[in-house]
There are 2 protein chains.
Amino acid sequence: MNYQIELRHFIYFLAVAEELHYRKAAEKLFISQPGLSTQIKQMEEILDTQLFIRDKKKVSLTPAGEFLKKEVEFILNHLEQTKKQLKLIGEGHMGEVRIGFLGSAMQNVVPNLLLGLKERYPKVHTTLEELSNRAQINAILADRLDLGFVRLSRVPIGLEVKPVFEDTFSLVLPEEHPLDKGNFKNINQVANEDFILFSQDYSPTYYDTVLSICEDGGFAPNVSHKSVHAQTIFKLVENKLGIAIVPTTLQYGFQMKVKFIELRKIKQRAVLSMVWKTDNRNPALQKCMDLLMKL
Amino acid sequence: MNYQIELRHFIYFLAVAEELHYRKAAEKLFISQPGLSTQIKQMEEILDTQLFIRDKKKVSLTPAGEFLKKEVEFILNHLEQTKKQLKLIGEGHMGEVRIGFLGSAMQNVVPNLLLGLKERYPKVHTTLEELSNRAQINAILADRLDLGFVRLSRVPIGLEVKPVFEDTFSLVLPEEHPLDKGNFKNINQVANEDFILFSQDYSPTYYDTVLSICEDGGFAPNVSHKSVHAQTIFKLVENKLGIAIVPTTLQYGFQMKVKFIELRKIKQRAVLSMVWKTDNRNPALQKCMDLLMKL
DNA sequence: TCTATTTGATAATTCATAATTATTGATTAA
DNA sequence: TTAATCAATAATTATGAATTATCAAATAGA
C-alpha cells in the first residue's frame, strides 16, 4: 500500500468534513458511499493520521481533521485561482512584456502603447528600460527583452522589424541664433556651423542619415560633439557649442533655451521601428503587437 | 475527455519543467517516457493552456508554464509542510515553525525566541537554517520557511516585515591598531584604511548603510574584501588586511584578536527584522509571533 | 551526402486501482 | 421486537495510467 495523496482525496475529504455524513457527501460528489468510505480510509492510511471519528451514528473531525480542513480549503482555493490566472496568461490577457526603447521613442510611441495596453489589457504588466539600439538587439536575442523600439534599418536573422513611426528631422538652434522659421530656406545655410550629433554606435542609422542630409545640402558637417542623450545635446546647443539635427518629436518633453526648425522639404525621415524575436511565444507580446498595428 | 487535474500531474510537470527533457524527467520519476508525454499533454488539455514548447529537439516553458512552475513549487512545498504539521497535530503536538536567520541574529534574538518557545509552548517544534537575506525571502515565498530574520528595508508584496532588534554599529580593528576607545573621536580617522564588508548580495541594506556611515564621515571607503561570514571578516581584520564595520552584537560569540569600538554617535542602526508571509496560517507561527512581540 | 543517434509522439496492450453493486453488522427509533 | 439508517466490507467491473514497441523528425558525425 504505497499510494500517494491526490487532489481527489482532498475533494472527497472536504465533502465529508462539510457534511459530516458519508452518504450525503457521496451523493454530493456523485459517487457511491462505499467508494467514498474506502478513499477516506486510504487517505488516513497515507497520511498516517486519523481524520474522522466514526462514533455511534455520528461522524466528527479530529483536531488533525479540523486543521486539514482549513488547509484543504486553502489549497483548493489557491488552485482555482491559479488555474484562472494560468488561462489568462495563456491567452495573453495577463503577464509581462519587457520593453526596451530609445529615449526618442518616449515622446510618442511608447506612451501611446502603454496607455492602450492599460486600457485594453489592464492585467498585462510592462517593464521599461531605456537602451541603445545595440543593447536592445542583444537583450532581445538573449531573451531579456520582448520588444524593442529602435532606429535601425537592418537586424540580425531571427529578429523581425517593423516601422511604427516616421518622423521628420528638425534643426536645433540656440534661441539667439539669427536663423528662424521665417528666414530659413535651405540646410546649406548652416554648412559652416559645428554639429552635435548622437554617437554612431548609439544609432548608426541616425548618424548616416544626418550625414546624408548634409551631403544633399552640398556640404560635409563639422561634427564637434557626440552624445547619447538628447538632454546633453540640447544643453550643448543652448550653450552655443554647436547646432543639432534630431527627430522632430524630440522637441517635446524638454525645457531648454533652444528653437526647432522642422526640415519638411528634405526626403530623409527618422524611422522608429519595433523589433522582436521571430519565435517569441509570449502571448502578451502578441496582444501588444496587435495594439501597435492599430495605432 | 473530462478529466481532472491531479497532484501527479503537478509532480510530472515540475520534473519536465526542471529537466526540460522528457526522457531525463521520466527517468527521474521512474516512469516511462511515453507515459510522461501523454500525462503532460493531458494536463495541457485539462488546463486548456500550452505549457511547453517542443521545438526542434528543445523543450522550453511558455510564459504560462513559467508561471505554473512557480505555483506548483509553492503548492507542493505547502503540501509537504501540511502533511508534517498534520502528523504532529495527530500525535498531540502543536506543529512546527521553520525559521531562517542571518548569522548575526544568532547572537541575540533567535536564541531568546527559542528559549521562550520552549518554555511557553514546549510542543512547538522548530527547525533552524542560516540563510542569506535573499534565500530567506525566496524560501518564505515558496513556503519552505515560516519566519525569517533579515536585514532588509523592503520586501516583496505578500510578505510582512517588522523590526525586532536595533543594534548600533561597531568598528572592528586589529588588537594592535593605534586607535582605541580612548582616542577615537570620529569615523574619518579611519578614512584611509582598507575596509572588509559583508557582500552586497548577502545584505544590500547593510552594505548601503555602511557606505552612508562613511559618507557622513566625509569619505568613500576603500573596500578591499567582501565576505558572507563574520568569522572570515574578523579573521581578515586580525591579520591586518583591513578594518570592518559590523553590527555591535556580532562581537559576542567569537574569539578573535580584534577590538570593537562602538559607534554610538552615528545615527545609523543595524535593524534586524522578522519577515513572514501575510497569509501563512501555520498556528504554531502565530504563537511564535505573540512571543516575539513581548520580547 | 548518408548513416547512426537522439528526440518526443503514437498505437496497442497490460495492469493497477477507483468505483460500483450487493451485502453485513451496528445502532437507533418506533 | 422490527424497521430504518448508518458506515464498513467483499466481490466485481470499468477506467485510465503505465508499459512496450514503434515512428517521424532532427541532429551530429563520418
Side-chain angles (χ1 to χ4, degrees), chain A residues 1-62 64-65 69 72 76 157-158 278-279 281, chain B residues 1-62 64-65 68-69 72 76:
Chain A
M1 313 293 164
N2 230 351
Y3 296 96
Q4 262 285 320
I5 280 288
E6 287 294 350
L7 289 177
R8 176 190 62 252
H9 291 115
F10 286 158
I11 292 163
Y12 291 180
F13 166 80
L14 199 58
V16 179
E18 278 166 359
E19 297 291 328
L20 294 176
H21 195 292
Y22 276 76
R23 190 181 48 74
K24 286 182 191 165
E27 261 172 37
K28 204 164 84 169
L29 293 164
F30 299 108
I31 62 168
S32 68
Q33 173 266 313
L36 183 56
S37 278
T38 50
Q39 284 296 300
I40 296 289
K41 206 180 148 204
Q42 191 193 68
M43 191 174 173
E44 292 184 321
E45 266 166 30
I46 298 171
L47 296 171
D48 193 20
T49 304
Q50 197 182 341
L51 302 172
F52 293 103
I53 301 165
R54 295 87 156 165
D55 204 58
K56 301 178 185 176
K57 309 270 273 181
K58 249 188 284 172
V59 176
S60 56
L61 283 159
T62 62
K69 188 187 171 198
V72 166
L76 296 183
I157 49 164
T278 311
D279 62 5
R281 308 287 189 91
Chain B
M1 316 295 165
N2 231 350
Y3 297 96
Q4 260 287 317
I5 281 287
E6 286 295 350
L7 290 177
R8 167 178 28 86
H9 290 116
F10 286 158
I11 291 163
Y12 291 179
F13 167 79
L14 198 58
V16 180
E18 276 168 358
E19 298 289 329
L20 294 176
H21 195 292
Y22 277 76
R23 188 180 51 73
K24 286 181 192 163
E27 259 172 39
K28 204 165 83 170
L29 295 164
F30 299 106
I31 62 167
S32 69
Q33 173 267 312
L36 183 57
S37 278
T38 48
Q39 283 298 298
I40 295 290
K41 207 179 147 204
Q42 190 193 69
M43 191 174 174
E44 291 184 321
E45 265 166 33
I46 297 171
L47 296 171
D48 193 21
T49 304
Q50 196 182 341
L51 301 173
F52 292 102
I53 300 164
R54 295 85 157 167
D55 204 57
K56 301 178 185 179
K57 309 270 275 183
K58 249 188 280 171
V59 175
S60 55
L61 284 160
T62 62
L68 188 62
K69 187 186 171 200
V72 165
L76 295 184

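Naming: A, B, ... by sequence-line order, numbering from 1 per chain.
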From the options C/dA18, C/dA22, D/dA17, select the nucleotide whose nearest atom is closest to the side chain of A/Arg8. C/dA18

Using the closest heavy atom to pick a nucleotide of DNA chain C for each, name whichever of A/Gln39 or B/Tyr22 lands nearer the 5' end. B/Tyr22

Which is true for B/Tyr12 with a 4.0 Å heavy-atom rule: it touches a base, it touches only sugar-phosphate, or it touches nothing? sugar-phosphate

Tell me which nucleotide among D/dA17, D/dA8, C/dT10 gets nearest to the side chain of A/Ser37. D/dA8

When you check the side-chain N and O atoms of B/Arg8 and B/Gln39, is any donor under 3.5 Å from an acceptor? yes

Does a salt bridge link A/Lys69 with A/Glu18, judged by any charged N lying under 4.0 Å from a carboxylate O? no

Specify the separation, in whole Å, of atom CZ of B/Phe30 and atom P of D/dT19. 12 Å

Does OP1 or OP2 of D/dC6 have a side-chain N or O of A/Arg23 closer than 4.0 Å? yes

Between D/dA17, D/dA7, C/dT20, spot the one nearest the side chain of A/Pro34, thanks. C/dT20

May I ask you to say what B/Gln4 touches in the nucleic acid, namely base, sugar-phosphate or nothing, with a heavy-atom cut-off under 4.0 Å? nothing

Between C/dT10 and B/Lys41, is there an OP1 or OP2 to side-chain N/O distance shorter than 4.0 Å? yes

Can you check whether A/Leu51's main-chain N or O pairs, donor with acceptor, with A/Glu44's side chain at less than 3.5 Å? yes

At under 4.0 Å, does any side-chain N or O of B/Gln33 touch on OP1 or OP2 of D/dA18? no

Within the structure, does a side-chain N or O atom of B/Ser32 lie under 4.0 Å from either OP1 or OP2 of D/dA18? no

Just call it for A/Glu6: base, sugar-phosphate, or nothing, with non-hydrogen atoms closer than 4.0 Å on any strand. nothing

For B/Ser37 and B/Gly35, indicate whether the former's side chain and the latter's backbone hold a donor-acceptor pair under 3.5 Å. no

With the side chain of B/His21 defined as its heavy atoms from C-beta on, choose the nearest nucleotide among C/dT20, D/dA7, C/dG8. C/dG8

